[in-house]
Enquirer: 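Here it is, the structure in full.
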Amino acid sequence: MINFADANILYMERIKLHDKYFKPFISNKEIIEAIEKIALKLNNRYKNRETPIFLAVLNGSFMFAAHLLERLQFNCEISFIRLSSYSGTASTGKVCEVFGLDLSVKGRDVIIIEDIVDTGNTVAELFRILTEKGAEDIGICTLLFKPKAYKKDLKVEYAAISIPNDFIVGFGLDYNELGRQYKDIYVLDES
Ligand code: 5GP
Ligand code: MG
């Protein structure tokens, strides 16, 4: 039989992805608790609204989206889009095209689900596109938020965890496509 407490400790060790080392930073327990708080906030906000649409930004948000959605107590839709602005460990500031936005958002409540909001370029660009397509109300929901890096005026209303300007991986987030499957979050270890 699997002992989950032990399994958790096994995962919390330094990991190597490509050429870099990452050390444990946020445990799965802390992540889940933060997601529960955000779910509560969303349940209060949307319980009396018309079926909102969640738009989860792939690839990074897949784990967060699943854990968040299973805690929601109102009727909602979910769709997955791609919108890439990042390579390596530094934001390029460039935002590419949106793929997969094939449903109509006109007149709808939309909630963006992001893995992480850093400078805010990605989420601001998506916000602009959704506004242009006639979304009625747009909420921004993210697992991680870097307030010191954030450069936009848009309110990030549903941010589960605030972190310093460090590069992190795990729970959906990658370093050049590795590290997404870890249940905990790790931070770049430069020592
Ligand atoms: P922004 O456009 O807000 O500057 O950056 C957003 C995107 O950059 C995120 O969706 C994510 O893909 C990537 N990103 C920003 N910071 C980190 C980080 O610390 N770790 C990882 N893995 N990706 C990050
Ligand atoms: Mg992303």
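Counting starts at 1 for both ligands and their atoms, following the listed order.
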Enquirer: Check the surroundings of atom NZ in K133: do more than 12 heavy atoms from other residues, nucleotides or ligands lie under 6.0 Å from it?
Expert: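 At most 12 heavy atoms, drawn from other residues, nucleotides or ligands, come within 6.0 Å of this atom.
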
Enquirer: Rounded to the nearest 0.5 Å, how far apart are CZ of F54 and CD1 of I113?
Expert: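 The CD1 atom of I113 is 5.5 Å from CZ of F54, to the nearest 0.5 Å.
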
Enquirer: Would you mind listing which atoms of ligand 1 come within a distance below 4.0 Å of any non-hydrogen atom of K146?
Expert: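 Taking each heavy atom of K146 in turn, ligand 1 has 16 (N), 17 (C), 18 (C), 19 (O) under 4.0 Å.
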
Enquirer: For ligand 1, which part of D166 has a heavy atom less than 4.0 Å away: the side chain, the backbone, both, or neither?
Expert: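 It is the backbone that touches ligand 1; the side chain stays farther off.
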
Enquirer: Does a sphere of radius 6.0 Å around CG in D19 hold more than 12 heavy atoms from other residues, nucleotides or ligands, not counting ones at 6.0 Å or beyond?
Expert: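 Counting other residues, nucleotides and ligands, CG of D19 exceeds 12 neighbours.
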
Enquirer: Taking the non-hydrogen atoms of Y175, is any one of them nearer than 4.0 angstrom to ligand 1?
Expert: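 In this structure, Y175 fails to qualify as a contact of ligand 1 - no heavy atom is under 4.0 Å.
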
Enquirer: Heavy atoms only: which of I163, L17, T122, V187 is nearest to atom 2 (O) of ligand 1?
Expert: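 The option holding the nearest heavy atom is T122.
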
Enquirer: Is V169 close to ligand 1, meaning an N/O of one under 3.5 Å from an N/O of the other?
Expert: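 There is no such contact.
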
Enquirer: Classify the ring geometry between Y158 and Y46 as parallel (under 30°), tilted (30 to 60°) or perpendicular (over 60°).
Expert: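 If you compare the ring of Y158 with that of Y46, the planes turn out tilted.
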
Enquirer: Evaluate D174 for polar contact with ligand 1, using N/O atom pairs at a separation under 3.5 Å.
Expert: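 Yes.
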
Enquirer: Ring centroid separation for F171 and F64, is it under 6.0 angstrom?
Expert: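 No, the ring of F171 stays outside the 6.0 Å limit from the ring of F64, centre to centre.
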
Enquirer: Please work out whether the ring planes of F167 and Y175 are parallel, tilted or perpendicular, with thresholds of 30° and 60°.
Expert: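 Taking Y175 first and then F167, their aromatic rings stand perpendicular (interplane angle over 60°).
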
Enquirer: Quick one: does NZ or CZ of R14 land under 6.0 Å from the six-membered ring centre of Y21, within 45 degrees of the ring axis?
Expert: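 Judged by the rule (NZ or CZ under 6.0 Å from the ring centre, within 45° of its axis), R14 counts as positioned above Y21.
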
Enquirer: Can you name the atoms of ligand 1, numbered from 1 with element, that are less than 4.0 Å from a heavy atom of E114?
Expert: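 Listed by number with element, the hits are 10 (O).
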
Enquirer: Is the closest heavy atom of G120 to ligand 1 under 4.0 Å?
Expert: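 The answer is yes, since G120 has a heavy atom less than 4.0 Å from ligand 1.
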
Enquirer: Ignoring angles and geometry beyond distance, decide whether I168 reaches within less than 3.5 Å of ligand 1 through its nitrogen or oxygen atoms.
Expert: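 N/O-N/O distance below 3.5 Å exists for this pair.
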
